[in-house]
Undergrad: 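There's a structure below that I have some questions on.
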Amino acid sequence: MNVPLLDLSPQYLSIRTEIDEAIQRVVASQYFILGPEVEGFEAEMAEYVGVPHAVGCASGTDALLLPLKALEPRTGDEVIIPAFTFFATAGAVWNAGFTPVFCDIDPVTFNVTAETVEAVWSERTRAVVPVHLFGQMAPMAEINELARERGAVVIEDAAQAIGARQVPGARQAMEVGGDHEAERHSGGDNGQVMAGAAGDVGAFSFFPTKNLGGFGDGGMVTSHDDELAEKVAKLRVHGGRQMYHHEMVGTNSRLDALQAAVLRVKLPHLSTWTEARRTNACRYHGGLEELPQVTLPETLDGNYHVYNQYTIRAHRRDELREHLTGKGIGSGVYYPVPLHLQVCFRELGGRQGQLPETERACREVLSLPIFPEVGQERIDRVVDEIQSFYEG
Ligand SMILES: *Cc1c(COP(=O)(O)O)cnc(C)c1O
């Protein structure tokens, strides 16, 4: 029995009729650019996240790029981002015209904290982009407070965290396993804030591997700020609401109507799929918690983790990965190279040893199959193979 890292087919097959009808609806209308499907999905996302504005765009990368461009950077203006994230976070900052400044992470959650952000703050800091890595939100209350005091904008990279939420201010560590039931029941409306509604702006991706995945690229910007949302809506259509009148130099970055139609079918199923991911996380926890060679992901108290990835730390990570591959089990290393050490950012002067927790994470992390339909049997198989690798 092989276990792929991700298999998108069972999800499609479970809602095939609805999806095929939605695609057919768009094809029949011949309305492909913006229009009713995109507007409908924007309204549904705004309601889901709990913000007044949601603006669809071409990708998660552009959902970061457009609000950053809206800040109209001057040369040398800085944006603080984690060194441990997908490259898009840094690429968007750079392409918007900012200088990315990399900060370290909390070893427990892999996320930035107010402390790691503050450690690299400067006179030139204009914005912070906390990334809700693997599906757990960064501590937003503290980061917001720091940014507000110093007049910077907070843009959440929520690409991996649609549906994640947190009780503002909660930050005590809690393990996934034993207290899982308690965490589960905290998933409600008791003062929690959703990813994408916790900062000034939120950026989502609908890349197929994300928790809400389209049939191609897609993204969404969420915001509380009327003016910023309006600017983003202009920037995605070459900088003007009215055709052939341009107030800014924007670009072409729209959410495709076909993608919007697919995503509108999927959004009502998201909470069921997220709960399946969380159940899978519990299964791994039950199977692996006694193994001293691995460290399991922890959820901070007050956080609702949506497990876009189930990421452990493992002794002899590369050998373990090779062993799993040999047994037909997929796994992933997110991410092997820290951003401050990427060749393209050499001129920024990053050096080995600068951000020790990021660099250690790059050596130790391994993501295991967690997609909603993976199921108990295949998880047991993964657990058995990890055990047999260490116990011989
Ligand atoms: C996927 C991802 C992005 C970019 O999304 P795309 O839709 O692929 O452009 C940005 N940030 C993080 C953390 C991601 O995981």
Side-chain angles (χ1 to χ4, degrees), residues 5-6 8 41 45 54-69 79-96 98 100 102-103 105-106 109-112 127-138 140 143 154-164 195-196 198-199 201-222 232 235-236 251-256 258-260 262-263 266 277 297 305-311 332-339 342 358 361-362 365 367 370-371:
L5 180 58
L6 174 66
L8 295 170
F41 183 53
M45 272 292 286
V55 182
C57 61
S59 67
T61 303
D62 280 1
L64 292 163
L65 178 71
L66 298 175
L68 285 160
K69 277 177 87 78
V79 175
I80 298 173
I81 62 171
F84 191 61
T85 174
F86 180 54
F87 182 79
T89 320
V93 165
W94 181 276
N95 286 328
F98 285 101
F102 302 107
C103 73
I105 52 165
D106 167 15
T109 61
F110 303 109
N111 278 330
V112 302
V128 184
V129 185
V131 178
H132 305 320
L133 203 68
F134 305 142
Q136 173 168 217
M137 288 174 72
M140 291 302 295
I143 293 167
V154 177
I155 301 175
E156 302 171 71
D157 182 339
Q160 299 182 7
I162 189 165
V201 185
F204 291 93
S205 165
F206 307 117
F207 187 76
T209 65
K210 311 292 176 168
N211 287 19
L212 182 65
F215 288 4
D217 281 306
M220 182 84 65
V221 178
T222 53
V232 168
L235 285 169
R236 77 173 168 178
T251 185
N252 171 0
S253 180
R254 286 157 318 220
L255 177 65
D256 197 280
L258 276 166
Q259 299 305 334
V262 167
L263 293 163
K266 285 189 164 197
R277 287 175 182 272
H305 197 319
V306 300
Y307 293 103
N308 179 242
Q309 300 294 343
Y310 184 84
T311 304
V333 173
Y334 310 119
Y335 299 91
V337 182
L339 293 183
Q342 293 288 349
T358 294
C362 290
V365 291
S367 298
I370 188 79
F371 62 94

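In each ligand, atom 1 is the first atom listed, and ligand 1 is the first ligand listed.
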Undergrad: If you measure every N or O of Phe207 against every N or O of ligand 1, does any of those distances drop under 3.5 Å?
TA: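 No, no N or O pair falls under 3.5 Å.
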Undergrad: Are the side chains of Val112 and Ile143 in touch, meaning some heavy atoms are under 4.5 Å apart?
TA: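 A side-chain contact under 4.5 Å exists here.
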Undergrad: One residue to check: Thr61. Relative to ligand 1, which of side chain, backbone, both or neither has a non-hydrogen atom less than 4.0 Å away?
TA: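 Both of them.
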Undergrad: Between Pro208 and Leu8, is there a side-chain heavy-atom distance shorter than 4.5 Å?
TA: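 Result yes, sub-4.5 Å side-chain heavy-atom pair found.
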Undergrad: Taking only heavy atoms of Val131 into account, list the atoms of ligand 1 that are under 4.0 Å away from them.
TA: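 Those atoms are 13 (C).
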Undergrad: Considering only heavy atoms, does Thr85 approach ligand 1 within less than 4.0 Å through its side chain, its backbone, both, or neither?
TA: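 For Thr85, the contact with ligand 1 is made by the side chain alone.
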Undergrad: Does even one non-hydrogen atom of His132 get within less than 4.0 Å of ligand 1?
TA: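 It does not; every heavy atom stays at 4.0 Å or beyond.
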Undergrad: Any non-hydrogen side-chain atom of Gln259 less than 4.5 Å from a side-chain atom of Phe215?
TA: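 Side-chain contact under 4.5 Å: yes.
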Undergrad: Taking only heavy atoms of Thr89, which atoms of ligand 1 are found under 4.0 Å from at least one of them?
TA: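 Answer, ordered by atom number: 11 (N).
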Undergrad: State yes or no: are the ring centers of Phe134 and Tyr307 separated by less than 6.0 Å?
TA: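 When the ring centroids of Phe134 and Tyr307 are compared, they turn out to be at least 6.0 Å apart.
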Undergrad: Would you check whether Asp217 has a nitrogen or oxygen atom less than 3.5 angstrom from a nitrogen or oxygen atom of ligand 1?
TA: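 For ligand 1, there is no N or O atom that lies under 3.5 Å from one belonging to Asp217.
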Undergrad: What protein heavy atom lies closest to atom 11 (N) of ligand 1? Include the residue and the distance to one decimal.
TA: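 Here the nearest protein heavy atom works out to Asp157 OD2, 2.8 Å.
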Undergrad: Could you tell me whether the side chain of Phe84 reaches within less than 4.5 Å of the side chain of Cys362, counting heavy atoms only?
TA: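 They are in contact (side-chain heavy atoms under 4.5 Å apart), so the answer is yes.
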Undergrad: I'd like to know if the side chain of Gln160 pairs up with that of His132 as donor and acceptor (distance under 3.5 Å, no hydrogens or angles considered).
TA: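 Their side chains do not contain a donor-acceptor pair, so the 3.5 Å distance test is not met.
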Undergrad: Check each atom of ligand 1 against the heavy atoms of Ala88 and keep those under 4.0 Å away; list them by number with element.
TA: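 The atoms of ligand 1 under 4.0 Å from a heavy atom of Ala88 are 3 (C), 4 (C), 10 (C).
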Undergrad: Tell me, do Asn211 and Arg277 make a side-chain contact under 4.5 Å, heavy atoms counted?
TA: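 Yes, close enough: below the 4.5 Å cut-off.
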Undergrad: Side-chain donor-acceptor pair under 3.5 Å between Ser59 and Asp217, yes or no?
TA: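 No - no donor-acceptor pair under 3.5 Å links their side chains.
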Undergrad: Among Lys210, Met220, Gln309, whose heavy atom sits nearest atom 1 (C) of ligand 1?
TA: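 Minimum heavy-atom distance to atom 1 (C) of ligand 1 goes to Lys210.
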Undergrad: Which of the numbered atoms in ligand 1 are below 4.0 angstrom from a heavy atom of Ser205?
TA: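 Heavy-atom distances to Ser205 below 4.0 Å select 5 (O), 6 (P), 7 (O).
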